[in-house]
Engineer: 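My structure is below; once you've seen it, I'll send some questions.
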Amino acid sequence: MMVGQFPVKQLSQFATPYYYYDMDVLRETLQVMRSESQDSNWHVHYAIKACATDAILKTIAASGVGADCVSGGEVRAAINAGFPADKIVFAGVAKMDSEIQYALEQGILCFNVESTEELAVISQLAGNMGTRARVCLRVNPNVDAHTHAKITTGLSENKFGIPLRFLADAVRLCYRLPNVVFLGLHFHIGSQITDMQPFEQLAQKINQLVTDVEQLTCIDEFGNNVQAVVTHINVGGGLGILYEHPNHFPIPNFKAYFATWRNGISLRPNQHLHFELGRSIVAQCGNLITRVLYVKHGENKQFAIVDAGMTDLIRPALYGAFHRVENLTHPDDEEQLYDIVGPICESSDVFVQGYKIAAVQRGDILAMRSAGAYGEIMASQYNLRRLPGHVISDDVQ
Ligand code: LLP
């Protein structure tokens, strides 16, 4: 795999800005991810929210993994791309009735339910359709992911999941409701986590919670006493990537990540472990290709003004995220310092400040690296711009 090699001549011919996806990087990532997660009863689901570009979805579906969705639109995209319905899980704090009905019609594996209120609605809608919905309860475990505040989800102050003190009630409700089938528990503590310690902590918490839940005696729809059984444990996603080093470490540390779960979770033979990985699968295969419009001299700095803006890649503006930038047209020119900024009428439309890059000229094309996850999918039309679009490497060579 030649990482960081771009077919510059061909790429210069497309109208910028656009996303360029290197499918060799994606295929290699999938291959490593799959080989590190071969344990029996383990199931990886790709978090569609990270990137839903057609060719990407189809390649991931063909590799045999399932899909993690957070809207009816994502469930539809997953089905269209070839993910089997029985490998689709559906989370989200505010699922609409129409989305729940659609997912039930498709026969998805499981709803990750975020409140008792939602549980009642799902049971009723399933009842109206003469079916039963399989559910996992999304638990807010109050584990700190030690990542950016805006992508932390597992603290009690976050809106996600069922608070620990209501979990027993929610499990009992699952057994009492006639049209839901309780499968188990779901978690997701945050994103871009590169230190394994929060996952270790989460694993311990999960073991304890599974034991606690299985001690609950519930009353089923017919008034019989039944013991709660957890057959599915979903640990969510969150594995981070190295934004600073897309060329040296293009493949995330799947080995350490899966080893953490192998060592951390006690799994009985009748239990299934699910993962929902987004960023780690697609981030490094995507690049935002942009053209330099102007090199402008400020009072004491110079700006490289490019044709991509925060509308095309919002991560730097929204999270202060770093994306490496490379000059593809003149890679060997002497380096200079620039603030690389976009054309949007917002002061936060800045990609990187005081950044050293091979001297740029008007017309040069630049690659913003590691942009495959939460890049194209988060694009907007603010300032009435056209959406960025994309080029797939397999169509170029
Ligand atoms: N499962 C659930 C329930 C999630 O909420 C998420 C991401 C994932 C799985 C996938 O997480 P990943 O493996 O990608 O970390 N836009 C932000 C990231 C938001 C993540 C939202 N949830 C960013 O650009 O950094």
Side-chain angles (χ1 to χ4, degrees), residues 19 29-30 33 37 43-52 56 60 65-71 74-75 78 88-95 109-114 118 136-141 143 145-155 158-162 185-196 198-199 202 233-243 252-254 257-258 260-261 273-286 288 310 312-323 351 368-380:
Y19 278 83
T29 306
L30 284 168
M33 187 276 286
S37 60
H43 313 271
V44 175
H45 304 264
Y46 166 61
I48 302 257
K49 65 172 83 64
C51 178
I56 302 279
I60 297 174
V65 304
D68 158 45
C69 304
V70 286
S71 71
E74 286 192 358
V75 176
I88 295 179
V89 296
F90 182 9
V93 285
K95 302 177 189 75
L109 170 65
C110 169
F111 291 85
N112 293 326
V113 176
E114 308 226 7
E118 180 193 336
C136 276
L137 294 177
R138 176 166 181 181
V139 182
N140 184 327
V143 169
H146 297 293
T147 182
H148 193 283
K150 287 199 169 127
I151 49 175
T152 293
T153 47
L155 289 176
N158 301 127
K159 69 179 175 183
F160 300 99
I162 296 170
L185 305 177
H186 170 243
F187 305 83
H188 175 74
I189 53 172
S191 200
Q192 183 50 21
I193 301 168
T194 47
D195 172 4
M196 295 302 127
F199 294 126
L202 177 62
I233 301 166
N234 184 333
V235 300
L239 174 63
I241 63 137
L242 297 181
Y243 281 95
N253 200 348
F254 292 115
Y257 174 75
F258 288 117
T260 301
W261 292 107
L273 190 62
H274 298 262
F275 304 89
E276 300 172 339
L277 296 176
R279 185 189 319 263
S280 51
I281 295 178
V282 291
Q284 296 290 25
C285 74
L288 177 59
M310 61 191 282
D312 306 295
L313 178 62
I314 201 175
R315 303 193 67 258
L318 197 55
Y319 316 115
F322 171 78
H323 288 265
F351 289 109
M368 298 194 178
R369 307 293 309 276
S370 318
Y374 308 109
E376 184 181 3
I377 195 74
M378 290 181 79
S380 80

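Remember, it's 1-based here, ligands and their atoms both numbered in the order they're listed. Keep in mind it's a predicted model, so treat the numbers as computed, not measured.
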Engineer: Using a 4.0 Å heavy-atom cut-off, which part of L318 comes near ligand 1: side chain, backbone, both, or neither?
Structural biologist: neither
Engineer: Tell me the contacting part of K49 for ligand 1: side chain, backbone, both, or neither, using a 4.0 Å heavy-atom threshold, strictly below.
Structural biologist: side chain
Engineer: Side chain, backbone, both or neither: which applies to A50 and ligand 1 if a contact is any heavy-atom pair less than 4.0 Å apart?
Structural biologist: neither
Engineer: Is a side-chain donor or acceptor of H186 paired with a backbone partner of N112 at a separation under 3.5 angstrom?
Structural biologist: no
Engineer: Taking only heavy atoms of G278, which atoms of ligand 1 are found under 4.0 Å from at least one of them?
Structural biologist: 12 (P), 13 (O), 14 (O)
Engineer: Decide yes or no for M33 and S280: does some side-chain heavy atom of the first lie under 4.5 Å from some side-chain heavy atom of the second?
Structural biologist: no
Engineer: Can you name the atoms of ligand 1, numbered from 1 with element, that are less than 4.0 Å from a heavy atom of L277?
Structural biologist: 13 (O)
Engineer: Which ligand 1 atoms are under 4.0 Å away from a heavy-atom of R138?
Structural biologist: 3 (C)
Engineer: I need the minimum non-hydrogen distance between L185 and V139, along with the two atoms involved.
Structural biologist: CD2-CG2, 4.0 Å
Engineer: I'd like to check the side-chain hydrogen bond (donor to acceptor under 3.5 Å, both in side chains) partners of E114; sequence neighbours left out, ordered by chain and number.
Structural biologist: R138
Engineer: Once you restrict to heavy atoms under 4.0 Å, what part of F160 touches ligand 1? Side chain, backbone, both or neither.
Structural biologist: neither
Engineer: Less than 4.0 Å between a side-chain N and a carboxylate O, is that true for K49 and E74?
Structural biologist: no
Engineer: Heavy-atom pairs closer than 4.0 Å: do any link ligand 1 to the side chain of R279, the backbone, both, or neither?
Structural biologist: both
Engineer: Going by heavy atoms, is G238 under 4.0 Å from ligand 1?
Structural biologist: yes
Engineer: Given that the side chain starts at C-beta and the backbone is N, CA, C, O, which of these parts of E276 lies under 4.0 Å from ligand 1, counting heavy atoms, or is it both or neither?
Structural biologist: both
Engineer: Who pairs with H45 by side-chain hydrogen bond (donor to acceptor under 3.5 Å, both in side chains), at least two apart in sequence or on another chain?
Structural biologist: H274
Engineer: Report yes or no: is the cationic atom of K95 (NZ for Lys, CZ for Arg) closer than 6.0 Å to the six-membered ring centre of F111, at no more than 45° off its axis?
Structural biologist: no
Engineer: Heavy-atom contact check, 4.0 Å cutoff: does H148 meet ligand 1?
Structural biologist: no
